[in-house]
A.B. asks: 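Here's a structure for you.
No hydrogens, no waters, no symmetry mates; every other heavy atom, side chains included, goes into these values. Numbers restart at 1 for each chain; the letters A, B, ... are given by sequence-line order, proteins then strands.
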Amino acid sequence: MIHITLPDGTVNEYAAGITCAEVITDALGKKHGCLAAKVNGVECDMSRVLNENCSVEGILSDSEEGIHILRHSAAHLLAQAVMELYPGALPTIGPAIDRGFYYDFAMDPITEADLKTIQKKMHELARKNLTVERVELDQEGLREHFINNPYKIEIIDDKLEAGDGSTVYKQGDWYDLCLGPHVPNTSRLMFSRLTSVSSAYWRGDQDREQLVRIYGLVEPTKEALKATLHRMEEAKKRDHRKLGKDLQLFHIDEEVGQGLILWTPRGAIVRQELQDFISYHLRRQGYAQVFTPHIGKLDLYRTSGHFPYYQDSQYPPLVERDLMNKLADEGCTCGDLSNMMKSGEIEGYMLKPMNCPHHVKIYASQARSYRNLPLRLAEFGTVYRWEQSGEISGMTRVRGFTQDDAHLFVTEEQLAQEVLGCIELVQIIFDKLGMEDYRVRVGLRDPDSTKYVGDPARWDKAEEACRAAAESLGVAWSEEEGEAAFYGPKIDFVVKDVIGREWQLGTVQVDYNLPERFDLTYKGSDGELHRPVMIHRAPFGSMERFCGVLIEHFAGRFPTWLTPTQCHIITISEKHKAYAQQVADRLKDAGVRVEVDDGDDTVGKKIRTHRKLQPAYMVILGDGEMEQETVSLRARSGDQIADIPLEQFVADLRNEIDSKVSQPALVPPSEA
RNA sequence: GCCAACGUAGCACAGCUGGUAGUGCGUCUGAUUUGUAAUCAGACGGUCGGGGGUUCGAGUCCCUCCGUUGGCUCCA
């Protein structure tokens, strides 16, 4: 007999050889709904046989672990379906991911249309209620099983080399290499949906085979699947690319160029408001505003290292016309030109890929003393990078963007305090915008690598400063070894978009390299020259990406202070035109952004039209309002409030704008 | 850059197996003067992403380039 401890603390006695499934059924009844179990806290199959005293706990599909197992099992089912339909395909790997699962196959490309067929097959297999069995095999057995699949053999070899065993899972005639655990039978996988097909490289290595990757979703119940699909539909509606068009915030024109954002008047207002807000806090924190041009000499970027190291992700250099003509006459090829630029034989200009070299030159333009440090130079600096064409997307990945950039030149002693100051700004602004759902990555050096510049003792101090700064934010943060830049540790801020993709917004980076490369110095209190440390920081990354993320965060319904038009005035009839103009003028005088619609559409029609632009408020003006000098307000929710004295409205609205509240609040929500 | 799908009026879309472009919204012009999510009528608007090819004939088939989307890869 063995003793088994259940989650509620009771200890039951069973005959050795009992399975998890039997224990859980005994404890919770037949309809326990568990997908898998935990024995002494370790995940395992329901079929696990128990021979010793232990604790047993069921895993339900509504837990993090449960949904992960469900997804992983669904990936297996997908592979089984694909293998039945395409016997020539070779399955490779198929893990669970945050939003579902995928499986990679070595096979001829398939189309989205084929997904329907595969999905049908999956449902058919799920309905068969095949038992999912765990089969333990020795090394030779494993190899033999997968002898025709070089990908699986490669995984087996790796596993064995690492000293890990592996197992096989079998359902019907299909078996796959896997550590499990899995659901007990395929009927659990009834509610899956294949979402897309794309490609991936074997082991993420672009020099290796290209595989067909199929993505899917799975949920424990029909309702949950429906809810997930509905959520995805809703998420699409707040996609900044769609809203950007609907709300007339920005435009991308292929004739202008891929990944180049044209900020239209409404979007420009949002950006300007944000920049003003950021600038206000920069002044408070002692930053000095600078402006620098969009280009700089090639030699500058040779010194900084940007040209030699990041050539592939920059726009090609600009060469002077006379020189270009001369070289062309001499029969110079593009290859020759490139080589001559690399070697420094010829000069040219580069669109700046970063603002730091320009700022460094501002620092170096004067003799600096420890008394003037820290020097904090800030600029909304526009930079250009040659992002790969397949990567460009809306406002979140572009080729020209404006960083909310600044460079701090500090002494070694000031470093920790200044890093903290950078973080403070991020906190203020994220708080104001109600962005709580972000995570922080602290990139540290890999202690085994030699690629890092600078003294290890200074690195230790800088890394500690970054950790402390991250800690001060009070949100989830993680240390990531080996993720530091070669020139210093960094702190990154990462947010998710509506589709669940992660984007890096801001970054704070310590840099020992550039001061060295440009031989920057300051005179210390000891009368000697010292090397400053630089901090690069762009808390929001770029205005483009940040605004893109903000559009989605607010679903286009910006707070009153940010929204392009704060108040739309709508007249009931022609008689009210003059009063509408009077109200508009009064609001404009108070610095409110107003739009007037005194056209001859019906009131309902005008409201419908203006709703699409999501102003904070609509003001409806008719006889009553005109006579009493009042306004009727309509909120985005459709809630209304009538007969507010004009002057009171102007004052309240002004106050709401100035206080930068997260959402319009002048109209109380109705009871109904 | 790689794989797949897609690209038809300002926007959202229809156009079956090839027979020479349609709908709704928007815009404009009339009429209507309206009280909180679509008043009515008319008009304008497209060399069907660009180029090349097959064909008597191409929005539809083929090639190529550009762009978009979803991934992969990369990211100072």
A.B. asks: What's A:Gln258 touching, base or sugar-phosphate or nothing? Going by heavy atoms closer than 4.0 Å.
C.D. replies: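 Touches sugar-phosphate only.
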A.B. asks: B:U73, B:A38, B:U69: which one has an atom nearest the side-chain heavy atoms of A:Arg608?
C.D. replies: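 So the nucleotide nearest the side chain must be B:A38.
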A.B. asks: What contact category does A:Ile392 fall into here, base, sugar-phosphate, or nothing, at under 4.0 angstrom with non-hydrogen atoms?
C.D. replies: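 Since only primed, P, OP1 and OP2 atoms lie under 4.0 Å of A:Ile392, the category is sugar-phosphate.
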A.B. asks: Which part of the nucleic acid does A:Ser632 contact within heavy-atom distance under 4.0 Å: base, sugar-phosphate only, or nothing?
C.D. replies: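 Base, at least one base heavy atom under 4.0 Å.
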A.B. asks: Below 3.5 Å, does any donor atom in the side chain of A:Arg397 face an acceptor in the base of B:C75, or the other way round?
C.D. replies: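 Checked by distance alone, the answer is yes.
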A.B. asks: Using a heavy-atom cut-off of 4.0 Å across all strands, would you classify A:Arg213 as base, sugar-phosphate, or nothing?
C.D. replies: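 Since only primed, P, OP1 and OP2 atoms lie under 4.0 Å of A:Arg213, the category is sugar-phosphate.
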A.B. asks: Could you tell me which residues satisfy side-chain hydrogen bond (donor to acceptor under 3.5 Å, both in side chains) with A:Lys490, sequence neighbours excluded, listed by chain and number?
C.D. replies: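 side-chain hydrogen bond (donor to acceptor under 3.5 Å, both in side chains) list for A:Lys490, sorted by chain: A:Asp492.
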A.B. asks: Would you indicate what A:Gly624 reaches in the nucleic acid, counting non-hydrogen atoms under 4.0 angstrom: base, sugar-phosphate, or nothing?
C.D. replies: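 Answer is base: heavy atoms of A:Gly624 come under 4.0 Å of a base.
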A.B. asks: Quiz question: going by heavy-atom distance under 3.5 Å, is there a donor-acceptor pair between the base of B:G35 and the side chain of A:Glu625?
C.D. replies: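 Donor-acceptor pair under 3.5 Å: yes.
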A.B. asks: Measure from the ring center of A:Tyr215 to the ring center of A:Tyr102 and say whether it is less than 6.0 Å.
C.D. replies: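 A:Tyr215 vs A:Tyr102: aromatic centres under 6.0 Å.
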A.B. asks: Starting from the 5' end of RNA chain B, give me the residue, A:Ser198 or A:Leu211, whose nearest nucleotide shows up first.
C.D. replies: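 Closer to the 5' end of RNA chain B: A:Leu211.
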A.B. asks: For A:Lys152, check salt bridge (Lys or Arg N to Asp or Glu O under 4.0 Å) against everything at least two apart and list the hits.
C.D. replies: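 Result, salt bridge (Lys or Arg N to Asp or Glu O under 4.0 Å) vs A:Lys152: A:Asp176.
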A.B. asks: Pairs in or reaching into residues 383-392 of chain A: which pass side-chain hydrogen bond (donor to acceptor under 3.5 Å, both in side chains), with residues at least two apart or in two chains?
C.D. replies: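 Counting only pairs at least two positions apart or across chains, the side-chain hydrogen bond (donor to acceptor under 3.5 Å, both in side chains) contacts touching residues 383-392 of chain A are A:His294-A:Tyr384.
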A.B. asks: Quick test of your reading: applying side-chain hydrogen bond (donor to acceptor under 3.5 Å, both in side chains), list the pairs with at least one residue in residues 306-317 of chain A, sequence neighbours left out, ordered by first then second residue.
C.D. replies: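 As it turns out, the side-chain hydrogen bond (donor to acceptor under 3.5 Å, both in side chains) pairs with a partner in residues 306-317 of chain A, which skip direct neighbours, are A:Ser304-A:His306.
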A.B. asks: Mind checking if A:Gly622 touches a base, just sugar-phosphate, or nothing, with heavy atoms under 4.0 Å?
C.D. replies: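 Result for A:Gly622 = base.
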A.B. asks: Holding to salt bridge (Lys or Arg N to Asp or Glu O under 4.0 Å), I want the full list of residues that pass it with A:Lys575, two or more places apart in sequence or in another chain.
C.D. replies: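 Applying salt bridge (Lys or Arg N to Asp or Glu O under 4.0 Å) to A:Lys575 gives A:Asp623.
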A.B. asks: So what does A:Ser313 touch, heavy atoms closer than 4.0 Å: a base, only the sugar-phosphate, or nothing?
C.D. replies: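 Counting heavy atoms under 4.0 Å across all strands, the contact made by A:Ser313 includes a base.
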A.B. asks: Within the sub-3.5 Å range, which N or O atoms of nucleotides 43-52 of chain B have a protein N or O partner, and how far apart are they?
C.D. replies:
none

A.B. asks: Nearest to the A:Arg634 side chain among B:G35, B:U39, B:A37, which nucleotide is it?
C.D. replies: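 Output: B:A37.
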A.B. asks: Using only modelled atom types and a 3.5 angstrom limit, is any donor from either the side chain of A:Tyr102 or the base of B:G70 paired with an acceptor on the other?
C.D. replies: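 Absent.
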A.B. asks: Choosing from B:C3, B:A37, B:C74, which nucleotide comes nearest the side chain of A:Ser199?
C.D. replies: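 It is B:C3.
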A.B. asks: Near RNA chain B, which residues from residues 594-603 of chain A have a heavy atom under 4.0 Å away?
C.D. replies: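 Those residues are A:Asp600, A:Asp601, A:Thr602, A:Val603.
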A.B. asks: What integer distance in Å separates A:Arg399:CZ from B:C74:C1'?
C.D. replies: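 About 13 Å, once rounded to whole Å.
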A.B. asks: Assuming nearest nucleotide by heavy-atom distance, tell me which of A:Gly257 and A:Gln504 is located more 5' along RNA chain B.
C.D. replies: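 Looking at RNA chain B, the more 5' nearest nucleotide goes with A:Gly257.
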A.B. asks: Answer with yes or no whether A:Thr609 presents, from its side chain, a donor or acceptor under 3.5 Å of a partner atom in the base of B:A38.
C.D. replies: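 Answer no: no donor N or O sits under 3.5 Å from an acceptor.
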A.B. asks: Compute the ring centroids of A:Phe307 and A:Tyr301, then answer whether they are less than 6.0 Å apart.
C.D. replies: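 A:Phe307 vs A:Tyr301: aromatic centres not under 6.0 Å.
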A.B. asks: Just to verify, what does A:Lys297 make a salt bridge (Lys or Arg N to Asp or Glu O under 4.0 Å) with, not counting sequence neighbours?
C.D. replies: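 Result, salt bridge (Lys or Arg N to Asp or Glu O under 4.0 Å) vs A:Lys297: none returned.
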A.B. asks: Just to verify, what does A:Glu629 make a salt bridge (Lys or Arg N to Asp or Glu O under 4.0 Å) with, not counting sequence neighbours?
C.D. replies: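 Salt bridge (Lys or Arg N to Asp or Glu O under 4.0 Å) list for A:Glu629, sorted by chain: empty.
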A.B. asks: Any base atoms under 4.0 Å from A:Asp623, or only sugar-phosphate, or nothing? Heavy atoms, all strands.
C.D. replies: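 Base contact.
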